2 protein chains.
Amino acid sequence: MEILIAEDDEQIANSLRKNFAEDGNPVMIAKDGEEAIHFLKSISFDVILLDWRMPKVSGIEVCRYIRESGSKIPIILLTALSQVKNKVEALNLGADDYVTKPFSFDELAARINAVVRRYQSNTNELIFNDITLDLIGRKVKTPRGEIYLSGKEFDLLKYFILHKGSIMSKEDICKEVWGVNFVPSTNVVEATVKNLRRKIEDNYGKNLIKSIYGEGYLFIVE
Amino acid sequence: MEILIAEDDEQIANSLRKNFAEDGNPVMIAKDGEEAIHFLKSISFDVILLDWRMPKVSGIEVCRYIRESGSKIPIILLTALSQVKNKVEALNLGADDYVTKPFSFDELAARINAVVRRYQSNTNELIFNDITLDLIGRKVKTPRGEIYLSGKEFDLLKYFILHKGSIMSKEDICKEVWGVNFVPSTNVVEATVKNLRRKIEDNYGKNLIKSIYGEGYLFIVE
DNA sequence: GTTAAATATGAATGAATTTTCATTATTGTT
DNA sequence: AACAATAATGAAAATTCATTCATATTTAAC
């Protein structure tokens, strides 16, 4: 999880960096609000921690800037200002949480997780290795570009990825993808699997959809 | 905003109810965790406030129950337990925030807003009056049932609702819905508007898509 | 290896969707 | 009111999609 910390107190910043590093989370430190905005323009983070009082541009201004630019990235204010009016201002401006110094690192970490979990659980992307399904735009992105799938193919791939690693019977596939409680007497499923295979395996290079004789299909996860 | 409060201390519960009522938010009070779960089964809320220590079923158990049942509804723990380990436990279990008693009502209200805002901004539904677009399932629900829209019609309606109340030029519509940076020499847009009008206005009864001569279209919001 | 069941495939069909076009209606301007 | 520009409409054409069918291939069990 990539974390951006905007904090002018070097001691606090480094202590945080050390703690996050122990959990395996890379941290980038901006020494003021201006630098934070600069970083945000080119790098993408999972969460942003902002001190309120900083040189040049304050944390609350950075928060306002981020939300006005349309980004929904999780923001946590991390400041010594403990007055209710400050908290209310920050939260109403679009901050997701407000933690007052001094704080426990464990609590901060838990709050970050809560906020990031909520953010990510609601993203409309389904990611498998380097295949990304945009569930709203109904597009499939891979490092080699976009694959164009028809409606049924997209639904089927979505079902496969959601149930990757376990065998999916044709009954279940028909129920979910075709909305019928029986396996059609024809071979629509096989035919659609065929077309889907052609499109994604051409792009991906290797076999992803395995047939399990007599049982169904298996989307391979290594 | 419908709020469920699970709190066995009647005084606190009633004080909260009064405060929320002043802001125009209806509140339901459960006197223990069991009652909270009972309410949750039949009524839908926008946010849930849980006391930790309660008779029969504790708040943390209610929280666990809600998340295990698959619901993503915002949950705030509201308790006297101020230890970090309690906060961490609750947040890791799926709570969105943790507020310790005594607390400022204004801060609580701001935290509720933050959590609900994040929840709602990420739902995959676009709601306009009593028309609901399911952006993932690509279905349109109205009180009279489902309307079936074709792909382009759905995209167009989505664009209209997202930009309701302001005039949309054909250039912008073409860019967003058809993915082209010019207005086609033919009248695809008008033709699709026609079909969309037929389908939703039949169902809705009144004119929703207004043509602005020489400028574009306007989705009416009263 | 043979066999029967299951799955894969290419091509064809049929259905739905998107787009086009010719015509009619509406709007704002003079 | 007449005109020109813009928008609406119905129906046809073109395209895309989902499904079917006949045939080929693969699989597991004997």
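To find a chain, count down the sequence lines: A is the first, B the second, and so on, and within it residues start at 1. These numbers come from a predicted model, not from an experiment. As a basis for the values below, the full set of heavy atoms in this structure was taken, side chains included, without hydrogen atoms, waters or symmetry mates.
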- Classify every nucleotide of nucleotides 15-22 of chain D by which part a protein heavy atom approaches to under 4.0 Å, writing B for the base, S for the sugar-phosphate alone and - for neither, in 5'-to-3' order. --SSSBBB
- Answer with yes or no after comparing the ring centroid distance for F105(B) and F20(B) against a 6.0 Å cut-off, counting only values under it. yes
- Item | F128(A) ring center within less than 6.0 Å of F219(A) ring center | yes
Value in whole Å for how far the [atom2] atom of [N] lies from [atom1] of [X]:
| X | N | atom1 | atom2 | value |
| --- | --- | --- | --- | --- |
| K194(A) | dT26(D) | NZ | P | 16 Å |
| E171(B) | dT6(D) | CD | P | 11 Å |
| R198(A) | dG10(C) | CZ | P | 8 Å |
| F182(B) | dT19(C) | CZ | P | 11 Å |
| E190(A) | dT27(D) | CD | C1' | 14 Å |
| L156(B) | dT18(C) | CG | C1' | 13 Å |
| D155(B) | dT19(C) | CG | C1' | 16 Å |
| R197(B) | dT26(C) | CZ | C1' | 12 Å |

- Task: Calculate, to the nearest 0.5 Å, the distance between atoms CD1 and CG belonging to I76(B) and L49(B) respectively.
- Result: 5.5 Å
- Query: Got a sec: does the NZ of K199(A) have more than 12 other heavy atoms crowding it under 6.0 Å?
  - Reply: yes
With a non-hydrogen cut-off below 4.0 angstrom, is [X] in contact with a base, only sugar-phosphate, or nothing?
| X | answer |
| --- | --- |
| Y217(B) | sugar-phosphate |
| K210(B) | nothing |
| I212(A) | sugar-phosphate |

- Message: Between D97(A) and R111(B) (salt bridge meaning N to carboxylate O under 4.0 Å), is one present in this structure?
- Response: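 Yes.
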- Message: Between R144(A) and D130(A), does any NZ, NE, NH1 or NH2 come within less than 4.0 Å of an OD or OE carboxylate oxygen?
- Response: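 The answer is no: the pair does not qualify as a salt bridge.
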- N/O (side chain, S211(B)) to phosphate O (OP1/OP2, dT27(C)) under 4.0 Å: no
- Residue-phosphate contact under 4.0 Å: K170(B) side-chain N/O, dA7(D) OP1/OP2: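 Result: yes.
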- Query: Do Y213(B) and dA7(D) have a side chain to base donor-acceptor pair shorter than 3.5 Å?
  - Reply: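 For Y213(B), whose side chain was compared with the base of dA7(D), there is no donor-acceptor pair (under 3.5 Å).
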- Under 4.5 Å between any side-chain heavy atoms of N113(A) and L91(B), yes or no? no
